[in-house]
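Here is the structure we will look at.
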Amino acid sequence: MDSARHIILVDGDLRRRAAISHYLSGRGVHVEPFETVAELGGHWPRQGIIMIHDSGSAIIQLTEQLVQSGNWLPVVAFGEKPGPRRIVEAVLGGAIDYLAWPFDDAELDHMLMTADDRAENVGHARLREAVARSRIERLTQREREVLVGMAAGRSNRTIAEELAISPRTVEIHRAKMLTKIGAAHTSEAIRVAIEAALIRETSH
């Protein structure tokens, strides 16, 4: 609960940032305000909740910073009159919760009470997924297809037939893929694909 009383606020709007800081301070919460994710990156916190205004690619930038730091803090997005699509995108991007500004007292209190537990439950998985996704992004489309085939238990020959290429070409793609994602062997590459949700995505 201690970390829940410490909020790192990221919001590019000076007036709203000041209003939120004043509101949170009035509820006994210590607030550290920042204008941008880049500014936050120079003073990376070790604990607390990051509350970030959902604008542009701010949440994506924050997720990248979290991956680089290796320290996954709970992220709560907020916006004015957010639509369902924005909320879903924020949660998929790594946020554990989404609040509408002006904040509802009860919703804020619930977030503060549950943030630590929710972060503990999803934080490590989120971090692993984000790291895995960054590794998968290094691959070409063909290398991804080979990886998906491997994860499905298909042989090089079967993968070659499905992709209309030679088994030797599959081997070349496989070797490059392992190198790019830093996997020592096939099972490690498959684990990365699962953590990155690559298999679930491509099976749709």
Side-chain angles (χ1 to χ4, degrees), residues 1-105 107-138 195-197:
M1 186 65 179
D2 287 342
S3 64
R5 309 311 297 187
H6 179 194
I7 285 182
I8 299 99
L9 176 64
V10 183
D11 188 347
D13 186 285
L14 176 61
R15 188 169 298 180
R16 184 176 52 222
R17 190 168 68 244
I20 293 174
S21 296
H22 178 74
Y23 168 82
L24 293 173
S25 296
R27 298 185 66 80
V29 177
H30 174 70
V31 183
E32 283 188 79
F34 294 88
E35 184 176 354
T36 64
V37 172
E39 182 187 358
L40 172 62
H43 308 80
W44 197 253
R46 300 306 302 172
Q47 64 175 359
I49 298 170
I50 301 177
M51 289 191 70
I52 184 167
H53 182 250
D54 182 17
S55 60
S57 59
I59 294 177
I60 294 174
Q61 293 172 15
L62 178 58
T63 299
E64 291 173 351
Q65 288 276 9
L66 286 166
V67 171
Q68 291 175 16
S69 74
N71 180 35
W72 191 272
L73 299 177
V75 175
V76 175
F78 67 90
E80 297 172 327
K81 299 180 181 178
R85 184 177 181 83
R86 293 293 295 178
I87 296 173
V88 169
E89 288 176 353
V91 171
L92 289 175
I96 63 166
D97 208 343
Y98 201 117
L99 299 179
W101 172 254
F103 301 144
D104 176 84
D105 291 352
E107 288 183 2
L108 177 72
D109 289 342
H110 182 264
M111 182 276 288
L112 292 172
M113 288 178 60
T114 61
D116 281 345
D117 288 340
R118 293 171 70 180
E120 185 69 26
N121 291 334
V122 305
H124 296 304
R126 288 285 194 189
L127 182 57
R128 286 198 307 271
E129 180 176 341
V131 171
R133 282 183 179 275
S134 70
R135 293 166 76 178
I136 293 296
E137 285 172 2
R138 303 170 191 167
E195 289 180 350

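Only a predicted model underlies this, so the values are computations on that prediction, with no experimental measurement involved.
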- Side chains of L62 and V75: closer than 4.5 Å at any heavy-atom pair? yes
- Item | Intermediate values then yes/no, salt bridge (Lys or Arg N to Asp or Glu O under 4.0 Å), E89 and R85 | CA-CA 6 Å; E89 288 176 353; R85 184 177 181 83; 3.3 Å; yes
- Task: Let me know which of D97, I96, T114 forms a side-chain contact (heavy atoms from CB on, under 4.5 Å) with P74.
- Result: I96
- Residues which pass side-chain hydrogen bond (donor to acceptor under 3.5 Å, both in side chains) with Q65, listed by chain and number, not counting sequence neighbours: none
- Between A77 and A90, which heavy-atom pair has the shortest distance, and what is it? CB-CB, 4.1 Å
- Message: Could you tell me if H53 and E80 have a donor-acceptor pair between their side chains, going purely by distance under 3.5 Å?
- Response: no
- Task: Of all the heavy-atom pairs spanning V37 and V10, show the shortest one and how long it is.
- Result: N-CG1, 3.8 Å
- Where is the tightest heavy-atom contact between Q47 and I8, given as atom of each residue plus distance? O-CD1, 3.5 Å
- Item | Closest non-hydrogen atom pair between P82 and G79, with its separation | CD-O, 3.6 Å
- Note on the structure: Note: R5 and L112 closest approach over all heavy atoms is NH1-CD1, 3.6 Å
- Hey, what's the ring geometry for F34 with H43, parallel, tilted or perpendicular (30° and 60° as the breaks)? tilted
- Task: Taking the side chain as every heavy atom from C-beta outward, state whether M51 and M111 have any pair of such atoms under 4.5 Å apart.
- Result: yes
- So OG1 of T36 and CG of D11: to nearest 0.5 Å the spacing works out to 11.0 Å
- Task: Taking all non-hydrogen atoms of both residues into account, name the closest pair between L9 and S21 and its distance.
- Result: CD2-OG, 3.5 Å
- Pairwise distance CG(L24) to NE2(H6) - rounded to 0.5 angstrom: 11.5 Å
- Under 4.5 Å between any side-chain heavy atoms of F103 and R27, yes or no? no
- Message: Could you walk me through whether I7 and I20 satisfy the side-chain contact (heavy atoms from CB on, under 4.5 Å) test, starting with their C-alpha distance in whole Å, then the side-chain angles of each, then the deciding distance to 0.1 Å, before giving a yes or no?
- Response: CA-CA 11 Å; I7 285 182; I20 293 174; over 6 Å; no
- Message: Counting neighbours of NE2 on H30 that are heavy atoms of other residues, nucleotides or ligands and sit closer than 6.0 Å, is the number greater than 12?
- Response: yes
- Message: Classify the ring geometry of W101 against Y23: parallel below 30°, tilted from 30° to 60°, perpendicular beyond 60°.
- Response: perpendicular
- Task: May I ask you to test the R17-D13 pair for a side-chain heavy-atom distance under 4.5 Å?
- Result: no
- Hey, are the side chains of P45 and L73 touching, using non-hydrogen atoms and a 4.5 Å cut-off? yes
- Task: Applying side-chain hydrogen bond (donor to acceptor under 3.5 Å, both in side chains), name anything that partners S57, two or more places apart in sequence or on another chain.
- Result: Q61
